[in-house]
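What you see is a predicted model, and the numbers here were worked out from it, not measured in a lab. Lettering of chains follows the sequences in order, A, B, ..., and the numbering in each one begins at 1.
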Number of protein chains: 2
Amino acid sequence: MNKKKELLLKIAKRLFTEYGVAEVSLRQIAAEVGISHSNLIYHFPSKNDLIIALHHQLMEKAIALNQQVKTASHPLEGLLQSTQIGFTILYEYRFLMIDLPHILRDNKILHNTFLDLEKLRADMYSIEIQKAVDQNLMRQELYQGEYTGFIEHIKIFSDAWIASSAIYDSPENNNIIEKYVKLFMGFFYPYLTDEGRSVFDEVYFQ
Amino acid sequence: MNKKKELLLKIAKRLFTEYGVAEVSLRQIAAEVGISHSNLIYHFPSKNDLIIALHHQLMEKAIALNQQVKTASHPLEGLLQSTQIGFTILYEYRFLMIDLPHILRDNKILHNTFLDLEKLRADMYSIEIQKAVDQNLMRQELYQGEYTGFIEHIKIFSDAWIASSAIYDSPENNNIIEKYVKLFMGFFYPYLTDEGRSVFDEVYFQ
DNA sequence: GTAAATTTAGGCCAAATGTACTAATTATTT
DNA sequence: AAATAATTAGTACATTTGGCCTAAATTTAC
């Protein structure tokens, strides 16, 4: 990736975050960077190309950082670590999540990427929960399909917390990520066993 | 409310739902109705006025329908009923929730309305949960603030399920509302007492 | 050092949009 | 019936935006 392109993406990301994807034009971005409209188009022919490139950046960072988190002692610890990392990176690219339906509506490729990712996430959660059940950290299902529903809950939350934050949280608040990581982890608490709870408290409250 | 205005709102709602708020212009709406662009502007000077009027419709319907649900025998039954009603009405106006951040970004009035509504909802949930705890249908908190977090979970879900559905559900699926009402009710299950669970099963599975 | 490729800028165009103004038509009131 | 108010249509204008083409400038390759 070019230095120049990285600069363009950085500024595009800032403007998208500040004003929303729909409200920012290629001309505005070019003006902000200090280059001509044509020049920006030379590098990124359309707004969609910028968005795809930024999404690509996000994925690269997420993959790179998550490979550093493999030595968790418990499923719950790994979960907390990857949640913190994931939420932090995602927040940097929050314009994607804030305008997600709008972006995916006119971007079939990205939409399909999201559908694929959703399946991966569901599998990942499913495996982690199974591990936690096996280690007697989480209880058995109370009814058939309970954890399937639970996974739906946390998937929707993972997609939605940024948009929710954009609506309800004060922009001055600088504990946003911490707040939503905590809320996310709170999803698990009622499903934990007594043992799970003591492990959880230990991991989570240092 | 005028017959004419109602027609305009109906068609605007359809177009917003189908193509997204940002992608529909006043000229398109006018063309679809079969009136001149100027005429539409006479009734609704801007897109925002249409959105505010539609939101007003939504609130009127929600208030009217919820007044018919006062005779629930349990908090859980009332919760289920008002959830079903609320989700059904909201789904009719789903364009509002799908493009929510975008809409609220350039609509301070509606944004403040949402912030106020959020507080009302939180209080309502808080009261219902307290009732359920008092009636031994839901358990006590396991830790200080557990139900505060829980209310955050269900508020975010309530705001987000429509956008999530727009992204992940097949448009042919016609059990969408049922699916998300079920998911919503599933949030409560792990917090129920044994008694709460038997009541819940009875209410929910007829 | 020269040729080729890459990058950059400027201008032009067509389409769309919001806005405003005027005139005509229709409905309502008196 | 006449006057007044409400509704509707037409038009024109400024702005913005995405696309496209050409030429200049800069970098890279040979």
Can R105(B) and D99(A) be counted as an ion pair, charged N to O under 4.0 angstrom? yes

Determine whether the aromatic ring centres of F150(A) and Y125(A) lie less than 6.0 Å apart. no

With no hydrogens and no angle check, just 3.5 Å: does a side-chain donor-acceptor pair link S46(A) and D49(A)? yes

Which whole-number value in Å describes the distance from H37(B) NE2 to dT17(C) C1'? 8 Å

Which whole-number value in Å describes the distance from F44(A) CZ to dT8(C) C1'? 15 Å

Given atom CG of L50(B) and atom P of dT17(C), what is their separation to the nearest angstrom? 14 Å

Say whether, by atom type as modelled, one donor and one acceptor occur between the side chain of K47(B) and the main chain of V21(B) under 3.5 angstrom. yes

Looking for any heavy atom pair under 4.0 Å, which part of the strands does I35(B) touch: base, sugar-phosphate only, or nothing? sugar-phosphate

Rounded to the Å, how far apart are K47(B) NZ and dT19(C) C1'? 15 Å

Below 4.5 Å, heavy atoms only, C-beta onward: do K5(A) and F44(A) meet side chain to side chain? yes

Whole-Å distance, K4(B) NZ to dT25(C) C1', equals 13 Å

Any base atoms under 4.0 Å from S25(B), or only sugar-phosphate, or nothing? Heavy atoms, all strands. sugar-phosphate

Go through the steps for F187(B) and H153(A) under the test ring pair (Phe, Tyr, Trp, His ring centres under 6.0 Å), then give the verdict. CA-CA 8 Å; F187(B) 270 94; H153(A) 291 164; 3.7 Å; yes

Spell out, as yes or no, whether a donor-acceptor pair under 3.5 Å connects the side chain of S164(B) to the backbone of A160(B). no

Tell me, which of residues 10-23 of chain A have any heavy atom that sits under 4.0 Å from an atom in DNA chain C? none

N/O (side chain, N39(A)) to phosphate O (OP1/OP2, dT7(C)) under 4.0 Å: no

Length of the CG-C1' vector between L26(B) and dT17(C), whole Å: 9 Å

Centres of the F95(B) and H102(B) rings: under 6.0 Å? no

Which two nucleotides bound the region of DNA chain D that has atoms under 4.0 Å from heavy atoms of chain A, read 5' to 3'? dT17(D) to dG19(D)

When we call it a touch if two heavy atoms are under 4.0 Å apart, what does H43(A) touch: a base, just sugar-phosphate, or nothing? sugar-phosphate

Taking OP1 and OP2 of dT7(C), is either one under 4.0 Å from a side-chain nitrogen or oxygen of Y42(A)? yes

Salt bridge R121(B)-E118(B), side-chain N to carboxylate O under 4.0 Å: no

L40(B) atom CG is separated from dT19(C) atom C1', nearest whole Å, by 14 Å

In terms of the nearest nucleotide of DNA chain D, which residue is placed more toward the 5' end: S38(A) or Q28(A)? Q28(A)

